[in-house]
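Read the structure below first, then the notes.
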Amino acid sequence: MTTILTLQSSLTPSRAPVTKHANFNQIPSWVSLKSSTSSVKLEHKQGQVENLHLVSLSKHGKLNEAFEFFQEMDKAGVSVAPYSYQCLFEACRELRSLSHGRVLHDRMRKDCESPSVTLQNCVLQMYCECGSLEDADKVFDEMPELNVVSRVTMMSAYAGRGLLDKAVGLFSGMLESGEKPTSSVYTTLLKSLVNPRDLNVGKQVHGHVIRSGLLGNASIEAGVLNMYVKCGWLVGAKLVFDQMVVKKPVAWTGLMIGYTKAGRARDALKLFVDLVTEGVEWDSFVFSVVLKACASLEEVNLGKQIHACVAKLGLESDVSVGTPLVDCYIKCSSFESALLAFEKISEPNDVSWSAIISGYCQMSQFEEAIKTFKSLRTKSAAVLNSFTYTSVFQACSVLADCNIGGQVHGDAIKRSLVGSQYGESALITMYSKCGCLDDARAVFESMDNPDVVAWTAFISGHAYYGNASEALRLFEEMVRCGMKPNSVTFIAVLTACSHAGLIEQGKCYLDTMLPKYNVAPTIDHYDCMIDIYSRAGVLEEALKFMKSMPFEPDAMSWKCFLSGCWTHKYLELGEIAGEELRQLDPEDTAGYVLPFNLYTQAGRWEEAAEMMKLMNDKMLKKELSCSWIREKGKIHRFIVGDKHHPQTQEIYEKLKEFDDFMEGDVFQCSMTERREQLLDHSERLAIAYGLISVNGHARGPIKVFKNLRACPDCHEFAKHVSLVTGHEIIIRDSRRFHHFKEGKCSCNDYW
DNA sequence: AGTGCTAGGT
C-alpha cells in the first residue's frame with residue numbers, strides 16, 4: 001500500500017477516491033500509472049486502475065499474479081474490462097499456457113454477456129496458439145458474429161495442422177456468402193500451401209487472385225510465386241516471375257531458393273547473374289541465398305567473388321550474410337577462410353555457432369567442436385539450439401566420450417534442445433558408440449515415432465556391440481511396425497550378421513532385399529557379404545561370391561577379403577587380394593600391412609620387408625596404434641612401449657604380475673620373437689593402468705578405447721585378466737566392442 | 001524471403 005497509494009493520490013489530488021479499490025499491495029514498483037493521462041476520467045471509471053494493473057501484469061507474463069488479483073477485484077466488486085481480457089489472452093498465447101487460457105475463458109464467459117468479435121478473436125487466437133484447435137473450433141462455431149480476422153485466424157490454424165480442407169472450406173464459405181476475401185485472406189491461404197500435394201488448391205487460389213484483381217499487389221504476387229516454389233512447381237513459379245511487371249528482390253530470392261532446394265543450384269546462380277545484369281538492388285537475402293547455392297555446388301571461386309562484394313558493401317558483419325558465407329567456405333573445405341569470415345560477424349547467432357561447430361565436425365576436429373560448445377555454454381543461452389547439440393552429440397560419438405556425452409545430453413534436456421528425430425538419432429549413435437546400449441535404448445524408446453534413421457542407428461548399435469540376435473529382432477520388429485528399411489538399414493543388418501558369423505541369414509537378407517523390401521542392393525551390400533564369408537573363414541566361398549556378383553569387386557571387396565585372409569592365415573589368397581587392393585587403392589595402408597603380417601607369420605621375412613619398402617616408397621605410414629582410458633575425467637593415452645606416464649613403473653610392474661600367463665599354453669603357438677613387443681602393446685598398458693586405478697575396489701568395468709583393431713594376443717590377455725582379477729573389461733577398438741567377463745569375451749572370439 | 005543438424009562397413 002505504499003508507493004502506489006501515493007501515486008494514486010497524486011492522480012486524484014483533491015478528493016479521496018469515491019469507489020472502493022482493491023488491495024494493491026501486490027503491485028510491484030515497476031507499474032507505471034503515468035500513462036493514464038486524464039485524472040478526471042479515473043474518478044468516474046470504476047476499476048480503471050485495477051484494470052491497468054491487470055494489463056501491466058499480463059504484459060509481463062505474470063498470469064498467476066493476475067489471477068490472484070481477480071480475487072481482490074471480486075472482493076472490491078470491480079469488474080474486469082474487455083481490454084484487460086484481451087491482454088491476458090495475449091499473455092496466455094505468449095506463454096503457450098492452455099490451462100491459464102481455459103480458466104480465463106471460463107471467467108470471461110461468466111463476465112461478459114455478449115463479448116465483442118474482437119475479444120472473441122483473441123480467445124480464438126489463444127486456443128489456436130496454445131495448441132487446442134478443438135476449443136478454438138467450439139468457440140468459432142458458437143460465435144454469433146464473425147469477421148475476417150476470425151476466419152483468417154482459423155484458416156491459418158487449420159493450415160498449420162495440415163487440415164487444408166478445412167482452411168479451404170472457410171475460404172469457399174466466404175466466396176459463397178459473397179464476402180470479398182481481403183488480401184490477408186489470400187496471403188494466409190497461400191502461405192499454408194506448402195507441399196506438392198497442395199499444388200492443385202494453390203492453382204485454384206491463384207485463379208481467384210487473378211479474378212479478384214489483386215495480382216498487382218506485390219505481397220500477394222510474391223505469395224503466389226513462393227507457393228509454387230513450396231509446392232515444387234518451378235515452371236509455374238517461373239511463369240509468375242516472368243509476368244511480374246516489377247521484380248522485387250523477394251521474387252528473385254524466392255525463385256532462387258526453389259532452384260537450390262530442387263538441386264538446381266546452377267539455375268539459381270544463372271538467375272543471380274541476371275539479377276546482377278539487370279541492376280536489381282541487392283539485399284542481404286540475395287546474398288544468403290546465392291551463397292547457399294555456392295555451398296551446395298562447392299563453388300569456392302564464385303563464393304570468394306561474392307565474398308568480395310559482401311565486403312565492399314560492408315555486409316561481412318551482418319549475421320545473415322556472414323553465416324551463409326561461413327557455411328559456404330566450410331562446404332568448400334576452406335576452413336581457414338570460414339574461421340576468418342566467422343570472426344567478422346559482429347553478433348554471431350545460434351545459427352552461426354552451429355555452422356562453425358558442425359564445421360569442426362566436418363573437418364574431424366571433434367575436440368575443437370566440443371571445446372567451442374563448452375565455451376558457448378558460459379555465454380548467453382540464445383546461442384545454443386538443437387542443431388548445435390546434434391553436432392556435439394556426433395562429436396561425442398566419434399570420441400566415444402560417454403562422460404561428456406551424457407552431460408551434454410542432460411544439458412540439452414534441461415534446455416529442451418534435443419532435436420526430435422535428428423538429435424535423437426545422433427544420441428542413439430552416440431550412446432551406442434560409447435558402449436552404453438541401455439542409454440541408447442532409453443532414447444529410442446522415448447521417441448514417439450522413430451523414423452528409419454533412428455531404427456537404423458539402434459540396429460547398428462547392436463551390430464557394433466556384436467549383439468546380432470537383438471539387431472535382427474529389431475529389424476523384424478521395425479518391418480512389422482510398417483517402417484520401410486532403406487539401403488543403410490541393410491548395411492546395419494548385414495554388419496550384424498557379419499559380427500556373429502551368420503552366413504546363411506546374411507545371404508538370405510541380401511537375396512530378399514529387392515524382392516521383399518524393394519531396396520536394390522549396391523556394391524556396398526555385396527562387400528558386406530564378402531566380409532561375412534571372409535570373417536567366417538570360408539575364403540573360397542568368398543572368392544566364388546566375388547566372382548559371381550553383379551559388380552566388379554572394388555577396393556573394399558578386396559580389403560574385406562584380405563582381412564579374412566589375415567585372420568584365418570590364408571597366405572596365397574592374401575597375396576592375390578593384396579595385389580588387387582594395392583592396384584585399386586594404392587593409398588590404403590591395409591594393402592601393405594596385412595600382407596606384411598601374413599609374410600611375417602609365415603616367416604617369409606624377405607617378402608615382408610618388400611611390403612614395407614613398397615609402403616615407404618609411397619610415403620605411406622602405418623597408423624600408430626594408440627589406446628586410452630578415462631580416469632576421474634582425465635584421459636590417459638598410451639602407445640606401444642610408452643614410458644611417459646607418471647605411473648610408468650607401477651604400470652609395468654602390474655603387467656609383470658601376469659607374466660605367468662605369457663608363459664602359458666595359449667602362447668605356445670605365438671612367435672617368441674615378438675614376445676617383447678607384445679608385452680607393452682598400448683591396450684595392455686591401458687588395461688594395467690585401469691587395474692591400478694581400480695585398486696582392488698569393484699567399480700564398473702574398465703573401459704579401454706583403441707584407435708585400431710584389437711590384437712588377438714591382447715584379446716587373449718584381456719580374457720585372462722578378467723578371469724583372474726574378476727574385473728570386467730570393455731575394449732572398444734576401431735570396429736566394435738569387446739566385453740570381457742570371467743575369462744570370456746562378448747564376441748565369442750568371432751571378430 | 002534467407003543461413004545451421006541425424007543412421008554405415010574396412
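Lettering follows sequence order; numbering is per chain, from 1.
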Using only side-chain N and O atoms of [X], determine if any of them is under 4.0 Å from OP1 or OP2 of [N].
X        : N     : answer
A:Lys292 : B:dG2 : no
A:Lys433 : B:dG8 : yes
A:Gln421 : B:dA7 : no
A:Gln394 : B:dC5 : no

Report which part of the nucleic acid [X] touches: base, sugar-phosphate, or nothing (heavy-atom distance under 4.0 Å, all strands).
X        : answer
A:Glu424 : nothing
A:Lys230 : nothing
A:Ile257 : sugar-phosphate

A:Ser358 side chain: which of B:dC5, B:dG2, B:dG9 is closest? B:dC5
Would you indicate which nucleotide in B:dA7, B:dC5, B:dG2 comes nearest to any side-chain atom of A:Thr456? B:dA7
Counting only heavy atoms from other residues, nucleotides and ligands, does the tally under 6.0 Å from NZ of A:Lys484 exceed 12? yes
Neighbour count above 12 (heavy atom, 6.0 Å) for A:Glu347 CD: no
What is the separation between atom [atom1] on [X] and atom [atom2] on [N], rounded to the nearest whole Å?
X        : N     : atom1 : atom2 : answer
A:Phe285 : B:dA1 : CZ    : C1'   : 5 Å
A:Leu417 : B:dT6 : CG    : C1'   : 16 Å
A:Leu225 : B:dA1 : CG    : C1'   : 11 Å
A:Met529 : B:dG9 : CE    : C1'   : 14 Å
A:Asn226 : B:dG2 : CG    : C1'   : 11 Å
A:Asp527 : B:dG8 : CG    : P     : 17 Å
A:Ile532 : B:dG9 : CD1   : P     : 13 Å

Does [X] get its side chain close enough to the base of [N], under 3.5 Å, for a donor-acceptor pair?
X        : N     : answer
A:Thr495 : B:dG8 : no
A:Asp524 : B:dG9 : yes
A:Asn486 : B:dA7 : yes

Between A:Asp274 and A:Lys270, is the closest basic N to carboxylate O distance under 4.0 Å? no
Closer than 4.0 angstrom, basic N to acidic O: yes or no for A:Glu470 and A:Arg473? yes
Between A:Ser557 and A:Asp554, do the side chains contain a donor N or O and an acceptor N or O under 3.5 Å apart? yes
